[in-house]
Every structure is written in structure tokens, then in C-alpha cells.
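Worksheet: one structure, shown below.
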Amino acid sequence: GVEVGPQPQGVVRADTLDKMRKIVKHGLDFVQLFNEGKEFPPCTIEVFKIMEKVDYPRNKNGEVIAIIHPKLQDQDWQPLNSGDPLFLTLDGEAITYKGDCTVYPTFINEAAYYEKKQAFVKTVKVKLTAKHIRSSGL
């Protein structure tokens, strides 16, 4: 599957549709080249590994008591360091990130995740290394 976003629910955006078409085309090109016997050299790629789903701050009744901080909004995949703002309480106080390493939040303030009690997802960068591959079916 391919998920390209973010974009609001029920909205079709031309730029997002174009990105999806390019990703699918690259995937199909790879399959064709692989099936033709092309050998792909080893490679290393940087990816984001999901570490934790983070909920909104809540009171003892389970009610949300803070919103995403304006400095975090729309900052998917950007580094978040200890001391950076995460949430803004309804009283105007900032709640900051108190982690011991840099993380990369994503799915920040996505409407589809409110009911799942998810304000954002913390990810970390990791490097994956792939060996060379070639179709053995030729």
C-alpha cells in the first residue's frame, strides 16, 4: 500500500495525487527492472522508526486540557529536541518535550487520530542497509 499525505479528510489535492503517481510509477519501474534481471547494488537508506504514540494531555476525567503548540503544528518529520514546545494549555502555558534524544514527530494533530487519543507519533531516524539483489528466476 501507498499512503501519501497529509491532506484533510475528504479532500483531493493535485500535488498529493501527483506524489502518489510518482511513487507508484517508481515502484512499478523497480518491479519491471527486477523481473528483467537487473542487479541492484547494496544501499543504505535513512528511515523513521515509530517509537511511541503520544496522546494529548488530559485531566482526571479524560478531557483534553492542551492543544498542539503552534511551533509544533505542521512540523511533521522535523527534529524535536528536549525543551521544545509540544502542547499549549488552555491557560496559555507551554508543555515541552522532555526526552533524552532528538525525535521526529509525525501525524501531528491529524483529525483521523483524535478518537484514537493520538496527538502525534514520535519517530527516530535509523539507517537500514540492504544487500545487492537480483532476480533468481531468470
Side-chain angles (χ1 to χ4, degrees):
V2 175
E3 181 178 344
V4 180
Q7 70 179 14
Q9 293 174 307
V11 174
V12 178
R13 292 179 46 146
D15 60 333
T16 303
L17 181 60
D18 185 55
K19 288 176 186 177
M20 184 272 306
R21 284 181 172 148
K22 286 178 182 174
I23 288 171
V24 170
K25 181 184 179 316
H26 286 304
L28 293 173
D29 288 346
F30 169 82
V31 169
Q32 180 178 351
L33 291 169
F34 181 79
N35 288 340
E36 291 172 355
K38 177 171 175 58
E39 183 169 348
F40 293 87
C43 66
T44 300
I45 185 170
E46 202 168 63
V47 299
F48 295 89
K49 179 181 178 184
I50 293 175
M51 300 305 292
E52 175 186 8
K53 295 176 182 177
V54 178
D55 191 8
Y56 293 88
R58 296 177 184 272
N59 65 18
K60 63 182 177 182
N61 297 324
E63 299 164 327
V64 173
I65 59 169
I67 58 175
I68 294 294
H69 194 282
K71 289 186 177 178
L72 181 62
Q73 185 64 52
D74 301 320
Q75 297 301 306
D76 294 81
W77 311 112
Q78 299 304 308
L80 181 70
N81 299 296
S82 188
D84 289 346
L86 291 177
F87 299 102
L88 188 63
T89 69
L90 301 178
D91 295 332
E93 293 182 41
I95 299 172
T96 59
Y97 172 57
K98 295 178 176 34
D100 56 357
C101 69
T102 299
V103 296
Y104 299 82
T106 190
F107 304 114
I108 300 168
N109 205 22
E110 293 258 352
Y113 297 112
Y114 275 110
E115 65 190 33
K116 296 177 178 160
K117 297 183 176 183
Q118 180 179 310
F120 62 91
V121 173
K122 285 195 303 190
T123 70
V124 293
K125 278 187 186 182
V126 296
K127 289 187 179 184
L128 299 179
T129 301
K131 297 178 181 179
H132 78 281
I133 59 169
R134 182 181 200 157
S135 174
S136 60
L138 295 176

* Separation of Thr106 OG1 from Leu80 CG (nearest 0.5 Å) -> 12.0 Å
* To do: Would you indicate whether Leu128, at its atom CG, is surrounded by more than 12 heavy atoms from other residues, nucleotides or ligands within a distance under 6.0 Å?
  => yes
* Got a sec, which residues hit side-chain hydrogen bond (donor to acceptor under 3.5 Å, both in side chains) with Asn59, two or more places apart in sequence or on another chain? -> Glu63
* Look up atom CG in Leu88 and atom NZ in Lys71, then write down how far apart they are to the nearest 0.5 Å. => 11.0 Å
* To do: Would you mind reporting whether Lys117 and Arg58 have side-chain heavy atoms less than 4.5 Å apart?
  => yes
* Who are the side chain to side chain contact (heavy atoms under 4.5 Å, CB included) partners of Glu52, not counting sequence neighbours? -> Val54, Lys122
* side chain to side chain contact (heavy atoms under 4.5 Å, CB included) involving Asp74 - partner list, sequence neighbours excluded -> none
* Would Val103 end up clustered with Met51 when hydrophobic side chains under 4.5 Å apart are linked, directly or stepwise? -> yes
* Honestly curious: do Tyr97 and Ile68 fall in one hydrophobic cluster under the side-chain, below-4.5 Å linking rule? -> yes
* **Interatomic distance, Ile108 atom CD1 to Asp76 atom CG [nearest 0.5 angstrom]** => 4.0 Å
* Using side-chain hydrogen bond (donor to acceptor under 3.5 Å, both in side chains) as the criterion, list what pairs up with Asp29, not counting sequence neighbours. => Lys25
* Side chains of Val124 and Lys49: does their closest heavy-atom pair fall under 4.5 Å? -> yes
* To do: Report yes if some heavy atom in the side chain of Arg21 is under 4.5 Å from a heavy atom in the side chain of Val24; otherwise report no.
  => no
* Are Ile45 and Val126 connected, step by step, through hydrophobic side chains (Ile, Leu, Val, Met, Phe, Trp, Tyr) whose heavy atoms are closer than 4.5 Å? -> yes
* Asked: Of all residues at least two apart in sequence or in a different chain, which pass the side-chain hydrogen bond (donor to acceptor under 3.5 Å, both in side chains) check with Gln32?
  -> Glu36
* Close side-chain approach of Tyr56 to Ile65, heavy-atom, < 4.5 Å -> no
* **Whether over 12 other heavy atoms sit under 6.0 Å from Asn61 CG** => yes
* Can you sort out the partners of Phe48 under ring pair (Phe, Tyr, Trp, His ring centres under 6.0 Å), two or more places apart, ordered by chain and number? => Trp77, Tyr104
* Asked: Are more than 12 heavy atoms from other residues, nucleotides or ligands located less than 6.0 Å from atom CD1 of Ile50?
  -> no
* Asked: Rounded to the nearest 0.5 Å, how far apart are OG1 of Thr96 and CG of Leu72?
  -> 12.0 Å
* **Distance, nearest 0.5 Å, that separates OG1 of Thr16 from NZ of Lys19** => 5.5 Å
* Asked: Say you draw a straight line from OH of Tyr114 to CG of Asp55; how long is it, rounded to the nearest 0.5 Å?
  -> 11.5 Å
* Asked: With Phe107, which residues qualify under ring pair (Phe, Tyr, Trp, His ring centres under 6.0 Å), at least two apart?
  -> Tyr113
* Structure fact -> In short, side-chain hydrogen bond (donor to acceptor under 3.5 Å, both in side chains) pairs touching residues 80-95 with sequence neighbours left out are Asn81-Thr102
* Please name all residues satisfying salt bridge (Lys or Arg N to Asp or Glu O under 4.0 Å) with Glu39, sequence neighbours left out, ordered by chain then number. => Arg134
* Asked: Can you name the residues that form a side-chain hydrogen bond (donor to acceptor under 3.5 Å, both in side chains) with Lys22, not counting sequence neighbours?
  -> Asp18
* To do: Mind checking side chain to side chain contact (heavy atoms under 4.5 Å, CB included) for Val31 and listing every partner two or more places apart, or none if nothing turns up?
  => Asn35
* Pairing residues for Thr44 by the side chain to side chain contact (heavy atoms under 4.5 Å, CB included) criterion, not counting sequence neighbours -> Lys127, Thr129
* Linking I/L/V/M/F/W/Y whenever any side-chain heavy atoms sit under 4.5 Å apart, do Val47 and Phe120 land together? -> yes
